[in-house]
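The structure under discussion appears below in the form of structure tokens.
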Amino acid sequence: MRTPVVLACGQGDAGDVVDVLAQKPGTVVVSHRFDGQVVVRTVSTLRGPSEWPLELANGCVHCTVRNDLLVLLRRLHRRSDVSRIVVHLMPWLEPEPVCWAINNVRVHVGPGYIDGPAARDVRIGAVVTCVDSCWLSQSVGDDELDDGRTVAQVAVGQAEFADVLVLGAPEPRTLAVLRRLAPLARITVGTDRVETALGNLEPDSRRGSSTLPHDPLLAGQPSLDPDGDVGLLVFSARRPFHPQRLHAALDLLLDGVVRTRGRVWLANRFDDVMWVESAGGGLRCGYAGRWLAAMDSSELAYADPQRRALAAADWDSRLGDRHVSITVLVCGAEPEDIVDGLRRALLTNEELSRPSEWASYVDPFGDWHEDPCNELVAEEVHARERREGDDS
């Protein structure tokens with residue numbers, strides 16, 4: 001039986017959460033810290049902590065932590081006194097690429113172990129994200145971290161990927177955002193009921209699984225009803241965008257918006273899917289494969305069955321599955337302005353009547369179809385593998 005792993009992360013009281021989880025018999029806690037020169041790994045049980053210094057791998061703290069963690073998880077699984085592993089992530093480390101690495105990255109442990117991912121011996125039991133009072137302001141901002149990621153990207157990603165959200169105080173506006181951002185997550189105030197929340201997760205909670213570009217955008221059935229200036233809007237269309245007008249309209253998604261996710265169809269790239277994703281004031285676009293209608297029979301054979309089933313339910317005899325579908329979680333922005341801006345970026349009836357001109361449209365999005373700028377869309381082309389992100 002595989003050993004469950006609980007990942008604890010976030011900018012809130014993650015340390016207090018870990019202390020609570022550590023009280024359960026059979027729990028071992030793993031954490032890493034960087035002292036400016038070396039990474040120090042700490043393994044703690046009820047008997048106390050043990051520390052080991054680690055040499056930086058390729059000069060990268062994240063790579064060092066990942067490589068050490070994957071081997072360590074497999075070794076801890078063999079210990080008879082370990083029934084659960086709690087991984088306390090560093091504050092600005094995102095849980096999604098760590099979970100992807102646990103499930104997919106092949107490691108060599110040594111004699112007695114079969115080479116393979118840590119998931120041979122462990123499974124992701126849950127991700128617990130701690131949210132502090134600054135989380136909402138961070139999630140709509142555009143501040144950058146030293147490594148080029150934005151604060152919003154990390155803050156939103158940590159909360160969105162959670163199975164359990166731990167809040168220090170139930171601020172109503174933050175709650176309204178989180179319930180739409182992570183509709184399947186259990187939300188608890190303080191640390192007292194964290195174990196209860198872990199024992200009562202939703203049957204279809206994430207448990208370390210990634211959401212892919214062609215998956216349903218409203219998984220978990222988040223509320224579409226507005227709550228003050230917080231709301232979740234859905235923009236859909238069965239005609240393509242004009243690339244230049246869309247590029248200009250995307251500015252509407254960078255102010256008063258927590259999260260944007262969606263599939264985009266550009267007129268000049270008739271057969272390609274573009275994935276758009278924003279967090280706060282940062283936005284990324286990337287290649288998300290080809291529309292099913294543009295695939296030959298051999299390509300369709302490898303397409304995800306769920307994607308094919310969803311496409312069949314709304315198949316157009318002329319366009320196939322080509323469409324635009326975007327969700328926007330607003331917090332302060334005017335939904336009507338966003339919808340109007342996106343609608344004006346679509347091809348007009350006159351432009352639709354001249355498809356021979358579409359390929360000549362100036363494209364400000366660059367060569368994303370050859371060199372994707374957003375790693376999280378590459379997996380659809382590679383059998384639904386998830387990006388390693390900042391840990392790679």
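Between Asp272 and Tyr287, the closest side-chain pair of non-hydrogen atoms falls below 4.5 Å. Looking only at side-chain heavy atoms (C-beta outward), Leu56 and Phe34 come within less than 4.5 Å of each other. Between Leu217 and Ser325, some side-chain heavy-atom pair lies under the 4.5 Å cut-off. The closest side-chain heavy-atom distance from Leu72 to Val43 is below 4.5 Å. Using a 4.5 Å heavy-atom threshold, the side chains of Val39 and Arg41 count as separate. In this structure, the side chains of Leu352 and Pro240 come closer than 4.5 Å at one or more pairs of heavy atoms. The shortest distance between side-chain heavy atoms of Pro53 and Gln37 does not fall below 4.5 Å. Side-chain atoms of Thr196 and Thr188, non-hydrogen and from C-beta on, never get closer than 4.5 Å to each other.
Val28 and Leu21 fall into different hydrophobic clusters, where Ile, Leu, Val, Met, Phe, Trp and Tyr residues are linked whenever their side-chain heavy atoms come under 4.5 Å apart, directly or through other members. Residues Leu93 and Val122 fall within the same hydrophobic cluster, defined by Ile, Leu, Val, Met, Phe, Trp and Tyr side chains chained together at heavy-atom separations under 4.5 Å. In the hydrophobic cluster analysis, where Ile, Leu, Val, Met, Phe, Trp and Tyr join through side-chain heavy atoms closer than 4.5 angstrom, Ile85 is grouped together with Trp52. Taking hydrophobic clusters as Ile, Leu, Val, Met, Phe, Trp and Tyr residues chained together by side-chain heavy-atom distances below 4.5 Å, Leu253 does not share a cluster with Val156. A continuous path of hydrophobic side-chain contacts links Val107 to Val87 [ILVMFWY only; heavy atoms under 4.5 Å].
Within 6.0 Å of atom CZ in Arg354, more than 12 heavy atoms from other residues, nucleotides or ligands are found, so the atom counts as buried in its surroundings. Annotation: Arg239, atom CZ; neighbour count of heavy atoms from other residues, nucleotides and ligands within 6.0 Å is above 12. More than 12 heavy-atom neighbours from other residues, nucleotides or ligands sit within 6.0 angstrom of CG on Asp271.
Side-chain N or O atoms of Gln158 include none that pairs as donor or acceptor with a backbone N or O of Pro95 at under 3.5 Å. With Arg79 contributing its side chain and Arg75 its backbone, the two residues share no donor-acceptor pair below 3.5 Å. Judged by distance alone, with hydrogens and angles left aside, the side-chain atoms of Arg173 form no donor-acceptor pair with the main-chain N or O of Gly228 at under 3.5 Å. His77 places a side-chain N or O within donor-acceptor distance of the main-chain N or O of Asp121, the cut-off being under 3.5 Å. Using a distance-only test at 3.5 Å, with no hydrogens or angles considered, a donor-acceptor pair links the side chain of Asp304 to the main chain of Arg307. In this structure, the side chain of Ser139 does not engage the main chain of Val258 through any donor-acceptor pair within 3.5 Å. Side-chain atoms of Asp227 never come within 3.5 Å of backbone atoms of Ala176 as a donor-acceptor pair (strictly under, hydrogens ignored). Proximity of a side-chain donor or acceptor of Glu299 to a complementary backbone N or O of Asp296 within less than 3.5 Å is detected.
A side-chain donor from one of Arg206 and Thr211 sits under 3.5 Å from a side-chain acceptor of the other. Between the side chains of His323 and Arg263, a donor-acceptor pair is found at a separation under 3.5 Å. No donor-acceptor contact under 3.5 angstrom links the side chains of Arg261 and Thr327, judged on distance only. A side-chain donor from one of His32 and Asp68 sits under 3.5 Å from a side-chain acceptor of the other. Residues Ser133 and Glu171 have side chains that never bring a donor and an acceptor to within less than 3.5 angstrom of each other.
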Run Asp363 and Arg269 through salt bridge (Lys or Arg N to Asp or Glu O under 4.0 Å) and show every step you take.
CA-CA 9 Å; Asp363 188 346; Arg269 306 194 186 198; 2.5 Å; yes
Checking Val151 against Trp92 for the side-chain contact (heavy atoms from CB on, under 4.5 Å) test, could you report, in this order, the C-alpha distance in whole Å, the side-chain angles of both residues, the deciding distance, and whether it holds?
CA-CA 8 Å; Val151 171; Trp92 294 105; 3.7 Å; yes
Is there a side-chain contact (heavy atoms from CB on, under 4.5 Å) between Leu246 and Phe365 once you walk through the steps?
CA-CA 10 Å; Leu246 175 63; Phe365 290 99; 3.9 Å; yes
Determine whether Gln11 and Trp135 satisfy the following criterion, side-chain contact (heavy atoms from CB on, under 4.5 Å), listing intermediate values before the conclusion.
CA-CA 8 Å; Gln11 313 309 308; Trp135 181 85; 5.9 Å; no
Derivation and outcome, side-chain contact (heavy atoms from CB on, under 4.5 Å), residues Leu198 and Val128
CA-CA 9 Å; Leu198 287 173; Val128 180; 3.9 Å; yes
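From Phe161, atom CZ reaches atom CZ of Arg207 across 12.5 Å, with rounding to the nearest 0.5 Å. The line from CG of Leu252 to CZ of Arg344 is 7.5 Å long, rounded to the nearest 0.5 Å. One distance of note links CZ of Arg106 with CD1 of Ile114; it measures 9.5 Å at 0.5 Å rounding. With rounding to the nearest 0.5 angstrom, the SG atom of Cys331 is 12.5 Å from the CG atom of Leu232. Taking CG of Leu254 as the start and CG of Asp142 as the end, the distance is 9.0 Å to the nearest 0.5 Å. Residue Thr174 holds its OG1 atom at 4.5 Å from CG of Leu136, rounded to the nearest 0.5 Å.
Take Arg318 and apply the salt bridge (charged side-chain N to carboxylate O under 4.0 Å, His left out) test, not counting sequence neighbours, and it matches no residue. For the salt bridge (charged side-chain N to carboxylate O under 4.0 Å, His left out) test, residues two or more places apart in sequence or in another chain that qualify with Arg245 are Glu351.
Exactly one residue among Ile102, Val65, Val98, Val109 makes a side-chain contact (heavy atoms from CB on, under 4.5 Å) with Leu70. That residue is Ile102.
Listed here is the closest heavy atom pair of Arg259 and Leu181: CB-CD1, 4.1 Å. Considering every non-hydrogen atom in both Arg322 and Ala294, the closest pair reads NH2-CB, 3.9 Å. Among all heavy-atom pairs drawn from Val257 and Ala333, the shortest one is CG2-CB, 4.1 Å. Scanning both residues, Val164 and Ala185, for their nearest heavy atoms gives N-CB, 4.4 Å. In this structure, Gly208 and Asn103 approach most closely via the heavy-atom pair O-ND2, 4.1 Å. Nearest heavy atom pair, residue Leu178 against residue Ala159, reads CD2-CB, 3.9 Å.
Taking the six-membered ring where tryptophan is involved, the planes of Trp265 and Trp291 are perpendicular, since the angle between them exceeds 60° and thus also 30°.
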